[in-house]
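A quick write-up on the structure given underneath.
Please read all numbers here as calculations on a predicted model, not as lab measurements. Reminder, nothing fancy here: chain letters follow the sequence lines and each chain counts from 1.
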Amino acid sequence: MVKKERISGFTSRVLAVVRRIPPGRIATYGDVARMAGRPRAARAVGNIMRNCNRPDVPCHRVVAAGGRLGGYGGNLGLKRSLLRAEGLVVVGSRIREANARRWPGPGP
DNA sequence: CTGCTGACTGGTA
DNA sequence: GTACCAGCCAGCA
């Protein structure tokens, strides 16, 4: 049975933003929070990702700031493989910023 | 309502 | 380079 999920405005917005991330592009929790309308809600975004049981939401494209993978329940190996499969170069839990272009977002 | 947790960030040591 | 601290926000008991 389908469970009724309580999606608040902010949560829905965050999920939508992550879904909008094109392949080969990454966004940090802070960026996602900023696109969702709460530039300081990086933590809240992490909590939402934690519940990201949605295949529509490529949570592996959401990384921590400073080019670090972060999150993913510590399964950085899986995250690293997924990102690498998308054309991003990852070295030791660290994304090569030269190859990792941050998603420009909707733009101001 | 209050309090705690956490897939975060930036700064300082 | 790593370690610790304080601030911010949403979800849940």
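In this structure, the side-chain hydrogen bond (donor to acceptor under 3.5 Å, both in side chains) partners of A:E86, at least two apart in sequence or on a different chain, are A:H60, A:R61. In this structure A:N99 satisfies the side-chain contact (heavy atoms from CB on, under 4.5 Å) test together with A:V89, A:R96, sequence neighbours excluded. For A:S12, the side-chain contact (heavy atoms from CB on, under 4.5 Å) partners at least two apart in sequence or on another chain are A:I7. For A:R84, the side-chain contact (heavy atoms from CB on, under 4.5 Å) test picks out no residue, with sequence neighbours left out.
Summarising the geometry, the separation between CZ on A:R40 and P on C:dG7 is reported as 13 Å, rounded to the nearest angstrom. One atom, CZ of A:R61, and another, C1' of B:dA7, lie 17 Å apart when rounded to the nearest Å. Taking atom CZ on A:R13 and atom C1' on C:dC9, their separation rounds to 16 Å, with Å as the unit. As a whole-Å value, the separation of A:D31 CG from C:dC9 P is 17 Å.
Side-chain proximity of A:M49 to the nucleotides B:dA7, C:dG11, C:dC9 is greatest for B:dA7.
A:A44 comes within contact range of at least one nucleobase, with a heavy-atom separation under 4.0 Å.
Closest of all the heavy-atom pairs between A:V14 and A:A36 is CG2-CB, 3.6 Å.
Note on A:L88: it clusters hydrophobically with A:L76, by side-chain heavy-atom contacts below 4.5 Å among ILVMFWY residues. At a threshold of 4.5 Å between side-chain heavy atoms, the hydrophobic network of Ile, Leu, Val, Met, Phe, Trp and Tyr places A:V57 and A:L82 in two separate groups.
Pairs passing the side-chain hydrogen bond (donor to acceptor under 3.5 Å, both in side chains) check and including a residue from residues 71-80 of chain A, sequence neighbours excluded, do not occur.
Near DNA chain B, meaning a heavy atom under 4.0 Å from it, residues 69-95 of chain A has A:G71, A:Y72 in order of number.
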Apply side chain to side chain contact (heavy atoms under 4.5 Å, CB included) to A:V18 and A:I48, showing your working. CA-CA 11 Å; A:V18 177; A:I48 294 163; over 6 Å; no
If you restrict it to nitrogen or oxygen atoms, what contacts under 3.5 Å exist between nucleotides 9-13 of chain B and the protein, and what is each distance?
| unit_1 | atom_1 | unit_2 | atom_2 | d |
| --- | --- | --- | --- | --- |
| B:dT9 | OP1 | A:A65 | N | 2.7 |
| B:dT9 | OP2 | A:A65 | N | 3.0 |

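To the nearest 0.5 angstrom, A:C59 atom SG is 10.5 Å from A:N51 atom CG.
Taking only side-chain nitrogens and oxygens, A:R38 comes nearer than 4.0 Å to OP1 or OP2 of C:dA10. OP1 or OP2 of C:dG11 sits under 4.0 Å from a side-chain N or O of A:S8.
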List the atom pairs, donor and acceptor, that lie under 3.5 Å between side-chain atoms in residues 21-35 of chain A and the rest of the protein, sequence neighbours left out.
| unit_1 | atom_1 | unit_2 | atom_2 | d |
| --- | --- | --- | --- | --- |
| A:T28 | OG1 | A:D31 | N | 3.0 |
| A:T28 | OG1 | A:D31 | OD1 | 3.4 |
| A:T28 | OG1 | A:D31 | OD2 | 3.4 |
| A:D31 | OD2 | A:R102 | NH1 | 3.4 |

When Watson-Crick pairs (N1 to N3 and N6-O4 or O6-N4) and G-U wobble pairs (N1-O2 and O6-N3) count only below 3.5 Å on both distances, what is the dot-bracket string of DNA chain C, with | for other-strand pairs? .||||||.|||||
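The base of C:dG11 lies outside donor-acceptor range of the side chain of A:N47, with no N or O pair under 3.5 Å.
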